Amino acid sequence: MEYKNSKLTEEDVKLRFITPAIEQAKWEKLQIRMEYYFTDGPVIVRGKTVARGKPKKADYLLHYKDGQIPLAIVEAKDEAHTADNGLQQAMEYAEILHVPFAYSSNGHKFIEHDFLTGTEKELSLSQFPTPYELWNRFVNKNKYNEKQLQIITEPDYFDSFSSKTPRYYQHIAINTTMEKIAEGRNRLLLVMATGTGKTYTAFQIVWKLIKTGVAHRVLYLADRNILIDQTMQQDFKPFEKTMTKIQGKRMDSAYEVYMSLYQQMAGDEGNEPFREFRPEFFDIIIIDECHRGSAKEESQWRRILDYFSGAIQIGMTATPKADENVNNYTYFGEPIYTYSLKQGIDDGFLAPYKVIRISLDRDVEGWRPYKGQLDLNGNVIDDKEYNVTDFDKKLVIDERTQAVAHCITKWLKENGRFSKTIVFCVDIDHAERMCRALRNDNQDLVVENSKYIMRITGDNDMGKAQLDYFIDANEKYPAVVTTSKLMSTGVDCKTCKLIVLDNVIRSIIEFKQIIGRGTRLNPEHGKEYFTIMDFRDSCRLFADPDFDGDPVDIIDGDPDGPLPNGPEEPTTPESPEPPEYPEPPESPDEPPYSAVKYHVNGVEVNVVNERAQYYDTDGKLITESLIDYNKRNILNQYATLDNFIQSWNNADKKKAIVEELAERGVLLDELHKESGKECIDDFDLIMHIAFDQKPLTKQERVNNVKKRGYLYKYSDVCQKVLTALLDKYMDEGIFEIEDTRVLDNSPFKEFGSPMKIADLFGGKQQYMYAMHELTQQIYAQL
């Protein structure tokens, strides 16, 4: 049997024809990116197993300048395919990357798709356009003048302070911003999910605008000190000699970049520090997390923005359009570019997440006092039924706090007790009590270091002092923090593995911001996904049409059953939520806190509900087991039994089938454990799970091969080699014997070197044919 193809492979086509044609068209090496991987491939999580999906890769990405202004995508196909076979893929990648021209070639000719005109045409190899031709077509279509071209093309990205270079979507955000400014737009909105580098993108925009002379002074506004400090210390550090943070009332005009809290700049009506500057002082204003301040007319933001109305104003946010921030869209206009949470997860730049939904019986059934019942402080409790929206806001039940703490502690013990964890509570009082309950559940580690669990809230200077240590991936303590609203935005904790929601969240914006605390990937510290533990049904917001990132799976209830009640906890007096100075106002949809907060104990609280659930692609909650989920994904790839068997038998390496399924979310190792079928190989597992076929063990498959007498066609010594291969298959699986390196190991060494073993069969080609035939025999259907 010959394993040869008379037609040229894709690599041969690229080497012999496509690359020479591109170079002949005067594209310089710095303008050509080959094998351009622009995504990392999604992180796939099944149980505790993690794998990477297939990244997106363009065969060629051609730039007008080195690394900037992408002009063309070229997809190559082997000689067995037509020239236009790769055009659809080239067009898909071109649309993702905002590239105006797409090409496909099989080495005989090019097919061009022009996104500027919507036309397609064939080109000979010698007709491939030069960079100047494509650039002129791009410029002429957009009618750019010399000044506009200078803004768009100069200078290069700043990259000398680190090895960090913009990702593809950051390229698009930066280039699109420069194009819109060149066109005369001065109100711009960028929507980029938390963890995708909004601040880094802003830095590159500011850098380019300063270097092109469009901007001489820049104002960067945010509403949290931590946002300002992180920005100055990290992404904007190259400006450190020409950058200042506005503090107090003194306004120094000697700097290039000014960082400020908008509250600091706005002051009070009649005493407005921003008026210390002339209205034309700033050329660019960056408004970070612009959804929080809002651009509505009566807001503090607007007084600053209106005063500096002549400046180019760029709003940046992680949240899509919603009722709460619609004013920002009215003010800035529709986003010039959006990179969503869902896209970030699909591309593999953001961490996917699981959701554990835990229902407590008191939350489900409610609680009502008996007539005249007093709370622990001697107050008569209002006679009404209290539910999950009241707990910890109007009524404190100690046992409920303890039950939540037990669930969190149990998760930590199963998944790593130093997993960085943020517990979002109703208010500061709740955060303080939750901190105490968690410390009592984790006394062994608290004894070792009292900072293992900390409360970080606006009123707690000691806690806030630990925030930098919490977000530092190399710091062990604190590992677990309780908070209310202080950490819902601006906290860049790349190693956060657990987010606990013990507060009813009504705002989709607040929900997305909280979820964003965990979306950063950090594989070097073991952070490849994170978990959301929800006690208040806040995850109902996943079904909101404004939410754009589905969880990898959802589990309702504690899989190990109800947790026992803990000891009673001491109480603490109510403490109103003080602002972090100067704190923005609460979200308008937050109900006011109760004037009286009742406090009781002696109430039995248990965990109820044990259902595994997932969200489908429409955002609907469906009940489905891990086995059902994988079956559906397998059938999406192989619609029929015959289709699967044919694909399996035709595959040169069976491992390729398994890897392709893994890219679609089917992780067979986890499925082996879940189904209890660990003695069968992957072929039989797929046949059994997806197509309801009776599985055979590897031992049974080996016995069937021997019964058929297949081995007798070979000499005695070859039969011994093949029998040893069957034994190897039975012990370690098909992947082991498909790899010729198996011949380097025992027991094959007794037959001689791999070359000598191949000679026993008549040569390498004959040995490979025998191996192919052996695998066919192993998987032959009875």
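Since this is a predicted model, take the numbers as computed values, not measurements.
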Asks: Rounded to the nearest 0.5 Å, how far apart are CZ of Phe511 and CD1 of Ile532?
Replies: 5.5 Å
Asks: Might you point out which heavy atoms bring Thr194 and Gly516 nearest each other, and give the distance in Å?
Replies: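 Here Thr194 and Gly516 meet closest at CG2-O, 3.3 Å.
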Asks: Can you find a heavy atom in the side chain of Trp411 that is under 4.5 Å from one in the side chain of Ile358?
Replies: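 The answer is no, as the side chains (C-beta and beyond) never meet within the 4.5 Å cut-off.
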Asks: When you measure from the centre of the six-membered ring of Phe470, is the NZ or CZ of Lys420 under 6.0 Å away and within 45° of the axis?
Replies: yes
Asks: Are Phe115 and Phe101 close enough that their ring centres sit under 6.0 Å apart?
Replies: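 Judged by ring-centre distance (under 6.0 Å), Phe115 and Phe101 do not meet the cut-off.
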Asks: Which distance, rounded to the nearest 0.5 Å, do you find between the CD of Glu179 and the CG of Leu188?
Replies: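 Glu179 atom CD to Leu188 atom CG measures 11.5 Å (nearest 0.5 Å).
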Asks: Is any side-chain heavy atom of Phe535 closer than 4.5 Å to a side-chain heavy atom of Cys407?
Replies: yes
Asks: Within the 3.5 Å criterion, strictly below it, is a donor on Tyr169 or Asp347 matched to an acceptor on the partner's side chain?
Replies: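 No, no side-chain donor-acceptor contact under 3.5 Å.
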Asks: Indicate whether any N or O donor in one side chain lies under 3.5 Å from an N or O acceptor in the other, for Tyr353 and Thr519.
Replies: no
Asks: Measure the shortest side-chain to side-chain distance between Ile172 and Tyr168 over non-hydrogen atoms and say whether it is less than 4.5 angstrom.
Replies: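 Ile172 vs Tyr168: side chains touch.
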Asks: Less than 6.0 Å separating the ring centroids of Tyr36 and Tyr93?
Replies: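 No: the rings miss the under 6.0 Å criterion.
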Asks: Decide yes or no on ring-ring contact (aromatic ring centres under 6.0 Å, His included) for Phe683 and Phe644, but give the supporting numbers first.
Replies: CA-CA 9 Å; Phe683 174 82; Phe644 169 67; 5.6 Å; yes
Asks: Show your reasoning for whether side-chain contact (heavy atoms from CB on, under 4.5 Å) applies to Val500 and Ile422.
Replies: CA-CA 6 Å; Val500 180; Ile422 307 175; over 6 Å; no
Asks: If we only count heavy atoms from C-beta on, is the Lys54 to Glu659 side-chain gap below 4.5 Å?
Replies: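 SC-SC contact between Lys54 and Glu659 ruled out.
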Asks: Report yes or no: is the cationic atom of Lys476 (NZ for Lys, CZ for Arg) closer than 6.0 Å to the six-membered ring centre of Phe418, at no more than 45° off its axis?
Replies: yes
Asks: For residues Asp59 and Met34, determine if any side-chain heavy atom of one lies less than 4.5 Å from a side-chain heavy atom of the other.
Replies: no
Asks: Can you confirm whether the side chains of Gln204 and Gln170 place a donor and an acceptor under 3.5 Å from each other?
Replies: no
Asks: Would you indicate whether Lys180, at its atom NZ, is surrounded by more than 12 heavy atoms from other residues, nucleotides or ligands within a distance under 6.0 Å?
Replies: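 Count not over threshold, so no.
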Asks: Would you give the length of the straight line joining atom CG of Asp229 to atom CD of Gln234, rounded to the nearest 0.5 angstrom?
Replies: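 Taking CG in Asp229 and CD in Gln234, the distance rounds to 10.0 Å.
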Asks: Take Asp682 and Lys654, measure what salt bridge (Lys or Arg N to Asp or Glu O under 4.0 Å) needs, and give me the verdict at the end.
Replies: CA-CA 9 Å; Asp682 291 340; Lys654 313 307 180 192; over 6 Å; no
Asks: Quick one: sort the Tyr339 and Phe349 rings into parallel, tilted or perpendicular, breaks at 30° and 60°.
Replies: tilted
Asks: State, to 0.1 Å, how close Lys655 and Glu738 come at their nearest heavy-atom pair, and which atoms those are.
Replies: N-OE1, 3.8 Å
Asks: Mind checking whether Leu412 and Val480 have side chains closer than 4.5 Å, heavy atoms only?
Replies: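 Yes, side chains in contact.
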Asks: Are Tyr220 and Phe236 close enough that some pair of their side-chain heavy atoms sits under 4.5 Å apart?
Replies: yes
Asks: Is Asp12 close to Thr9 at the side-chain level, that is, under 4.5 Å between some pair of heavy atoms?
Replies: yes
Asks: Taking all non-hydrogen atoms of both residues into account, name the closest pair between Met192 and Ala173 and its distance.
Replies: SD-CB, 4.3 Å
Asks: Give a yes or no on whether the ring-centroid distance for His98 and Tyr337 is below 6.0 angstrom.
Replies: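 Distance test on ring centres: under 6.0 Å, yes.
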